[in-house]
Amino acid sequence: QVQLVESGGGLVQAGGSLRLSCAASGRIFRSYIVGWFRQAPGKEREFVAAVRWNSGNTLYTDSMKGRFTISKDNAKNTVYLQMNSLKPEDTAVYYCAAATDLTTYYSKDSYDYWGQGTQVTVSS
């Protein structure tokens, strides 16, 4: 069993930055992948980025590559999402999720464990 707790959300002006954290308790197996998703009001939950726990290999959705960076700290069992050059359209609840690594890492249905989410609001 894995528990995930996100933090670091808040209100920021357009062009600003935030760093989200996802702290995992329980055992993160080397075969796991940890991802970030986001959901804006009235929209589907969408994939943002993911990191493979054993290799550190990172995966991004094309539209966010270059602005967002995912990283992990094995010693702290924590995954981070650094978000730069934020835009109002980045406003959403951001969720951390974990699953046994699959090729369908971009699908929310592939993930077994979810955090409660953290709100990110970008003002114009």
Side-chain angles (χ1 to χ4, degrees):
Q1 192 78 3
V2 176
Q3 293 80 42
L4 304 169
V5 178
E6 304 96 332
S7 61
L11 174 64
V12 63
Q13 289 189 329
S17 299
L18 281 175
R19 188 177 80 157
L20 306 182
S21 299
C22 171
S25 59
R27 189 173 178 184
I28 299 289
F29 292 97
R30 291 171 57 83
S31 59
Y32 272 32
I33 188 166
V34 179
W36 285 97
F37 288 76
R38 70 182 187 184
Q39 188 165 19
K43 294 189 176 181
E44 292 286 317
R45 191 169 298 189
E46 64 173 345
F47 173 74
V48 176
V51 59
R52 291 192 161 101
W53 202 257
N54 56 354
S55 67
N57 184 34
T58 56
L59 304 150
Y60 296 93
T61 192
D62 286 345
S63 62
M64 297 170 211
K65 195 179 297 184
R67 292 194 301 127
F68 291 7
T69 303
I70 191 170
S71 62
K72 65 181 178 71
D73 185 330
N74 287 28
K76 295 182 179 180
N77 256 17
T78 299
V79 174
Y80 304 99
L81 184 69
Q82 177 68 43
M83 306 187 294
N84 298 327
S85 303
L86 284 163
K87 306 173 183 179
E89 50 264 44
D90 294 319
T91 295
V93 178
Y94 284 70
Y95 297 90
C96 175
T100 302
D101 195 356
L102 296 169
T103 55
T104 53
Y105 59 85
Y106 49 83
S107 170
K108 63 183 185 299
D109 296 331
S110 298
Y111 289 78
D112 303 307
Y113 305 103
W114 290 86
Q116 82 289 350
T118 185
Q119 176 71 47
V120 171
T121 303
V122 184
S123 63
S124 56

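Values below: all heavy atoms of this structure, side chains included; hydrogens, waters and symmetry mates excluded. Numbers here simply count residues along the sequence, with the first being 1. Treat the numbers as computed from the prediction; the structure is a model and nothing was measured.
- For residues 107-118, the salt bridge (charged side-chain N to carboxylate O under 4.0 Å, His left out) pairs, not counting sequence neighbours, are Glu44-Lys108.
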Which pairs of donor and acceptor atoms, one on a side chain in residues 12-25, lie under 3.5 Å apart (sequence neighbours left out)?
{"residue": "Ser17", "atom": "OG", "partner": "Asn84", "partner atom": "OD1", "Å": "2.9"}
{"residue": "Ser25", "atom": "OG", "partner": "Gln3", "partner atom": "OE1", "Å": "3.1"}

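- Counting only residues at least two apart or in different chains, salt bridge (charged side-chain N to carboxylate O under 4.0 Å, His left out) contacts with residues 57-75 comprise Asp62-Lys65, Arg67-Asp90.
- Screening residues 32-87 for disulfide bond (SG atoms under 2.5 Å apart) gives no qualifying pairs among residues at least two apart or on separate chains.
- Listed by first and then second residue, the disulfide bond (SG atoms under 2.5 Å apart) pairs involving residues 60-95 amount to none (not counting sequence neighbours).
- The ring pair (Phe, Tyr, Trp, His ring centres under 6.0 Å) analysis of residues 33-71, with sequence neighbours excluded, yields the pairs Phe37-Phe47, Phe37-Tyr111, Phe37-Trp114, Phe47-Tyr105.
- At least one side-chain heavy atom of Val34 sits less than 4.5 Å from a side-chain heavy atom of Cys96.
- For the residue pair Gln116 and Leu4, the shortest heavy atom distance occurs at OE1-O, 3.8 Å.
- From Leu81, atom CG reaches atom OG1 of Thr69 across 8.0 Å, with rounding to the nearest 0.5 Å.
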message: Apply side chain to side chain contact (heavy atoms under 4.5 Å, CB included) to residues Arg45 and Val93 and explain how you reach the verdict.
response: CA-CA 9 Å; Arg45 191 169 298 189; Val93 178; over 6 Å; no
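- To the nearest 0.5 Å, atoms OH (Tyr95) and OG1 (Thr118) are separated by 10.0 Å.
- Scanning both residues, Arg38 and Ala92, for their nearest heavy atoms gives CB-CB, 3.9 Å.
- Looking at heavy atoms from C-beta onward, Tyr94 lies out of side-chain contact with Glu6 at the 4.5 angstrom threshold.
- Two residues are said to be in side-chain contact when any heavy atoms from C-beta on lie closer than 4.5 Å; Val79 and Ile70 meet this criterion.
- Summarising the geometry, atom OG belonging to Ser124 is positioned 10.0 Å from atom CD belonging to Glu89; distances are rounded to the nearest 0.5 Å.
- Judged by distance alone, the side chain of Thr104 and the main-chain N or O of Ser110 form no donor-acceptor pair under 3.5 Å.
- Of all heavy-atom pairs spanning Tyr106 and Thr103, the tightest one is CE2-O, 3.6 Å.
- Rounding to the nearest 0.5 Å places OG1 of Thr91 at 7.5 Å from CD of Gln119.
- Tyr32 is connected to Val48 through a chain of hydrophobic side-chain contacts under 4.5 Å among Ile, Leu, Val, Met, Phe, Trp and Tyr, so both are in one cluster.
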